[in-house]
Protein chains: 2
Amino acid sequence: MKQSDRDRAVRLLWDPPAESSRGPKAALSQSRVVEAAMKVADAEGVEALTMRRVAETLGSTAMALYRHVPGKSELLDLMVDAAWGETERAPKGPWREGLEFYARQLWQMYRAHPWILQLPHARRTPGPRTMASFDSALAVVSDLGLSAEEMVAVVTAVGHFVDGVGRTMADRVKAERETGVSEEAWWDGQDALWAHFTPDRLPMMVHVWNSGGYERPLDEFEFGLARVLDGLAVFIEAEERPAVRRETCL
Amino acid sequence: MKQSDRDRAVRLLWDPPAESSRGPKAALSQSRVVEAAMKVADAEGVEALTMRRVAETLGSTAMALYRHVPGKSELLDLMVDAAWGETERAPKGPWREGLEFYARQLWQMYRAHPWILQLPHARRTPGPRTMASFDSALAVVSDLGLSAEEMVAVVTAVGHFVDGVGRTMADRVKAERETGVSEEAWWDGQDALWAHFTPDRLPMMVHVWNSGGYERPLDEFEFGLARVLDGLAVFIEAEERPAVRRETCL
DNA sequence: ACGCTAGGTGTACGTTGTACACGGTTTTAG
DNA sequence: CTAAAACCGTGTACAACGTACACCTAGCGT
């Protein structure tokens, strides 16, 4: 990606597009394209999100979209920021409630728009609404005597956990939509697989299965979130914090 | 996916392929194809993983691969299980060391084969090596008086966190490979973006930035893992455990 | 009234997974 | 020893993808 492309992406997201007066009245607009694209992705998944399909739902042609959006990549940028725009900012108050609120907003966004988790995340130019949400999360942990690095680490730790559960959830939603088979029905049909789960090979797995460990599974999001917040509490409320400082991990 | 496809996928992973005696000597084999595919994915990313590209590295043609692997989807199944085969089983011992070991094995696998995190995960037929690793993780938490559901929840919570950091890491690796620009250099070149980060819009973000919160970031994996394990410790070592039971979250 | 500008269309290209028909090679059956 | 059967690898072909390019048309500013 060239510098010019990056700057264009920034303008696209941060400077609202000026509408022109000349030429024929536009049947489409940037926001209409973005909305239509989100509807397609919500209903049919990211793999159905093609320029032709979006155009079709708008009663237009693929190439018409390019008058309102520079390309598919930038369309995705706009869609992601629009999704963040639907989240609420974390409120001021006790850090634990605030972080939990942030996590639940994230989770809700991923449930409404699971395609976000199937998109590449790094190097995506962050939009104003994305940043506003992150800013509100930082505010939640701003009065705890944490260093700036620690504030960032705390918020991103929550984010990483929600990303992890979210991805699993998104994959399941996608599989159910594509196959029309529920998660439960799918595993029930795997007799050929179960035959290989023998006590000599997978002792714990078989034991857990026979103890009903998969009949009423704990909610993965609720359980994990509670643990993560407990762990952050240990860190935040410690008298002296360990110095877990290193160069960037990558 | 039809039942026959599922059963075939199971056989593919769990029953070692019998080699045939008739016909010309095979220049390729299933394991050679899988190895070559992993090398391509490691070096060039999952988007470069095309049948033609894999065949090319083997000095063969795309269609030749179909004699050894039913299709691309099954090839991915085999690749994933092969990657799990490179991990070590978590040792018996104190639960915290065991879970940490499991998390580090996961992390190491994701660093060696970041493409795993870009593949759909749900409904992938688990192979023997995948299951063996999971089984060893269950064994680590088997003597703590947890219920079967809780054992599963604890292990998957760790998995979800590592998945989350891993995905971020994988995206960064991919972006660096594709663009040839390091993460740091990329953000340095985003002057047009920084111009929009004003104190009135993003007060905390600007404050954190000015306090050097991004100069020496904490290691996201190490920091988060310590918090998650702390949180699990609170749960595991509690006198009475809360009953966080619900129907499946999805 | 005229021309510039911008919106929308149709065609075309290279790349993907893989179905299908084919030709060559080796082992087994008679 | 010969013929058949089984198997390996190749070449061609198709539909779907993002999008470059050339084109036509509608409407505002002069």
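Below, chain A is the first sequence line, B the second, and so on; all start at residue 1. None of the values given here were measured: they were computed from a predicted structure. Hydrogens, waters and symmetry mates play no part in the numbers below; they use all other heavy atoms, side chains included.
- Residue B/E44 contributes atom CD, which lies 15 Å from atom P of C/dT15 at whole-angstrom precision.
- Straight-line distance from the OH atom of A/Y66 to the P atom of D/dC21: 13 Å, rounded to whole Å.
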Inset, instruction - Can you check each nucleotide of nucleotides 3-12 of chain C against protein heavy atoms at under 4.0 Å and return B for base, S for sugar-phosphate only, - for none, in 5' to 3' order? - result: -BBBBBBB-B
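- The aromatic rings of A/W194 and A/W187 are tilted relative to each other, their planes meeting at an angle between 30° and 60°.
- Contacts classified as salt bridge (charged side-chain N to carboxylate O under 4.0 Å, His left out) and involving residues 70-83 of chain A (residues at least two apart or in different chains) are given here: A/R8-A/E74, A/D77-A/R124, A/D81-A/R129.
- One distance of note links CH2 of B/W115 with CG of B/L117; it measures 10.0 Å at 0.5 Å rounding.
- Here C/dT18 presents its P atom at 6 Å from CE of B/M51, a figure rounded to the nearest Å.
- With rounding to whole Å, A/L49 atom CG is found 12 Å from D/dC17 atom C1'.
- If A/E47 and A/P70 are placed on DNA chain D by their nearest nucleotide, the residue sitting closer to the 5' end is A/E47.
- To the nearest angstrom, P of D/dG18 lies 13 Å from CD of A/E56.
- Between the side chain of A/E176 and the backbone N or O of A/E183 there is at least one donor-acceptor pair closer than 3.5 Å.
- Separating the CZ atom of A/R53 from the P atom of D/dG18 is a distance of 13 Å, rounded to the nearest angstrom.
- The aromatic rings of B/W14 and A/F197 sit tilted, their planes meeting at an angle between 30° and 60°.
- Note on ring orientation: taking the six-membered ring where Trp is involved, the planes of B/F161 and B/F221 are parallel (angle under 30°, cut-offs 30° and 60°).
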